[in-house]
Amino acid sequence: MCGIVAYIGNKEAYPILIKGLHRLEYRGYDSAGIALLNGGLSVHKTKGKVSVLEEHMKDFDKSGTIGIAHTRWATHGEPNTQNAHPHYSFSRKIAIIHNGIIENYSTLKKELINRGYEFHSDTDTEVLVNLIEDIQTKEEVNLEEAVRIALNQVIGAYAIVILSQEHPDMLIAARKGSPLVIGIGENDFYLASDATPIIEYTKNVVYLDDEEVAILKRGSELKIKTIKNEEKTPYIQELEWNLNELEKGGFDHFMLKEIYEQPTSIRDSFRGRLHPDKGTVSLGGIIDYEQKILNADRIIIAACGTSWHAGLVGEYLLEEIARIPVEVEYASEFRYRNPIITENDVMIAISQSGETADTLAAIELAKEKGATVLGICNVVGSSIARATDAGVYTHAGPEIGVASTKAFTAQVTVLTLMALRFAQLKGTLPKSEYVRLLHEMELIPEKVKKVLDDNGLIEEIAGKFKDSRNFLYLGRGYNFPVALEGALKLKEISYIHAEGYPAAEMKHGPIALIDKDMPVVFIAPNIGIYEKVVSNIQEVKARNGVVIAIVTEGDTTVKNMADYTIEIPETEEMFVPLLATIPLQKLSYHIAVMRGCNVDQPRNLAKSVTVE
Ligand code: F6R
């Protein structure tokens, strides 16, 4: 939610800030703004995408070696120019950019209005910058101290960067609950909500911790203090991602590139962990917690959205292969329903971004109750990665398309490894079968490649159904979560209404929807309870429904019934989600493109949801 980028050093700030905003646009894109210090403090803001801001800036002085910039996903106040960031303080001497929510903003605002402050926006951010200014004047303290005092008064989440006309050689930044990364250059500093705008300039970064304030002065070392004024030593880490991963690399959209990256991202997620020749799986990140997991009463998986769907696949895997009871929870529901959690529970929190507010809150709740919390995250050093006791990273690389694709299959890969590791430790499978599964898993990236190479069939099917108003996705067992994920992908990027259901549940309601205009996508591989799914397909055909089926290569039974079939290679049942998801991602992608939708930045969505 919202992207922050800032620069201080000896280079021109504007090109760095604008490029950074483009890289961060996936986090929010309803308005954008920039503040530069070149003589005076100038703030420029526009509604809409970063390109609109860029066009607007053509007529203005863009010089200066210090600046802050922001791309917004609206929370307080509608997306318009007034509410866009940066916000000036009342005197117009300070400008602020902010990601997060100040929950007690209305009380603070009333006090400031009583003290003569006027407001030009509906945002909580303008309240914060005026609070800082008010403290500075009232208490006669320097800016750094005023920021600390103000942050002790606010309730909520923030990542902020402050630029003051009176301090042309300094930026002040702080975080609580919303991420902020500082890039340490040769003679300069870069600041951003995530590392994507920083990578091309430096690989040395410091992740600010909650309630920490960073003081970035030109020509000085980075200084970090807590909001209680305790000095901290910056911990410099090296970034693993590289610049190529942030470019489209010849694809029309990031989403398509990321779909095609899956053979690599799946392999990268099991590389060094899967050892078919030794007949073992090793997960270094959680090795110290293995005994705890094996002795646990149950595993609670907490996540949101696509990550929750991966969690559902995880439930099938962990229960079937490792025989450990699993419950999968929407983090947003779990945190508010007074759940029963004990010290014998192990939570696995799944998150691509590692910043999802509800998932973080579920983790905190589980920790409070004494449970062990493990993470499956894609972003190294993210808030969730740091809040958990231990974890296993998915090595999917940066996911820029707002709709999650390669992160999902990487999460499923890691959950599969976990299930196989615990199965190994518990001895739940005969050795020969176990080794066969490990060998089969090693083949999955090649099989994914084969699915991707569909000779235009999926695009052709997309063309036939691009104008449909509703879609139904049905699957059973491991493929029920795949159906949910297929439906989510379609609705979020094409705005076509789509529902995912366990295929047999169709009879209990959704069957009423079926007619000749209703495409029904079946995930129907020739394994598991295939015959049951075949019966469900017959039920749909009997009501004139149109069936698009994902089938195993060489299948003839479903092929004879369905209107369209898409083949996936044969594999073990537990690996089918890794293959069957791919054509569904492509189907959504092509339909969205044909409908003229913005695939990488669908309306109303943002990549990481840092508000509840
Ligand atoms: C859908 C999608 C979202 C995310 C959800 C959780 O394509 O991307 O549903 O999966 O917002 O995000 P993370 O995984 O970052 O916690």
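Computed from a predicted structure; not experimentally measured. Start at 1 and go down the list; that is how both ligands and their atoms are numbered. Position 1 is the first residue of the sequence; numbering continues from there.
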Quiz item: Testing Val328, Thr359, Ile341 for side-chain contact (heavy atoms from CB on, under 4.5 Å) with Phe334, which one passes?
Solution: Ile341

Quiz prompt | Positive for side chain to side chain donor-acceptor pair (under 3.5 Å) with Glu355, one of Ser178, Ser383, Ser382 | solution = Ser383

Quiz item: How close does the nearest protein non-hydrogen atom get to atom 11 (O) of ligand 1, and which residue and atom is it?
Solution: Val609 CG2, 4.0 Å

Quiz item: Quick check, are the ring centers of Tyr589 and His253 under 6.0 angstrom apart?
Solution: yes

Quiz item: How far is atom 14 (O) of ligand 1 from its nearest protein heavy atom, and which residue and atom is that?
Solution: Ser307 OG, 2.6 Å

Quiz item: So, do Lys257 and Glu247 sit near enough that their side-chain heavy atoms are less than 4.5 Å apart?
Solution: no

Exercise. Report, in ascending order of atom number, the atoms of ligand 1 lying under 4.0 Å from any heavy atom of Ser351.
Key: 13 (P), 14 (O), 15 (O), 16 (O)

Quiz prompt | Lys489 near ligand 1 by a heavy-atom separation under 4.0 Å | solution = yes

Quiz item: In the protein, which heavy atom is nearest to atom 15 (O) of ligand 1, and how far is it?
Solution: Ser353 OG, 2.6 Å

Quiz item: So which heavy atom in the protein is nearest atom 12 (O) of ligand 1, and how far is it from that ligand atom?
Solution: Thr356 OG1, 3.5 Å

Quiz prompt | Options Ala303, Cys304, Gly354, Ala310, ranked by nearest heavy atom to atom 6 (C) of ligand 1, top entry | solution = Cys304

Quiz item: So Tyr316 and Tyr478, would you call those rings parallel, tilted or perpendicular, with 30° and 60° as cut-offs?
Solution: tilted

Quiz item: What atoms of ligand 1 come closer than 4.0 angstrom to any heavy atom of Gly305?
Solution: 9 (O), 10 (O)

Quiz item: Which ligand 1 atoms, with their elements, are less than 4.0 angstrom from a heavy-atom of Ala403?
Solution: 7 (O)

Quiz item: For ligand 1, does Val402 get within less than 4.0 Å through its side chain, its backbone, both, or neither, judged by non-hydrogen atoms?
Solution: backbone

Quiz item: Of all the atoms in ligand 1, which lie at a distance below 4.0 Å from a heavy atom belonging to Glu492?
Solution: 1 (C), 7 (O)

Exercise. For ligand 1, indicate whether the residue Glu355 contacts it via side chain, backbone, both or neither (heavy-atom separation under 4.0 Å).
Key: neither

Quiz prompt | Distance-only polar pair, side chains of Tyr564 and Glu460, donor-acceptor under 3.5 Å | solution = no

Exercise. With sequence neighbours excluded, give me every salt bridge (charged side-chain N to carboxylate O under 4.0 Å, His left out) pair touching residues 395-419.
Key: Glu261-Lys406, Glu399-Lys607

Self-check item: Protein heavy-atom partner closest to atom 4 (C) of ligand 1 - residue, atom, separation in Å
Solution: Thr306 N, 4.0 Å

Quiz item: Does Tyr393 reach the side chain of His395, with side-chain heavy atoms less than 4.5 Å apart?
Solution: yes

Self-check item: Pairwise side-chain contact, Cys2 with Thr71, heavy-atom cut-off 4.5 Å (strictly under)
Solution: no

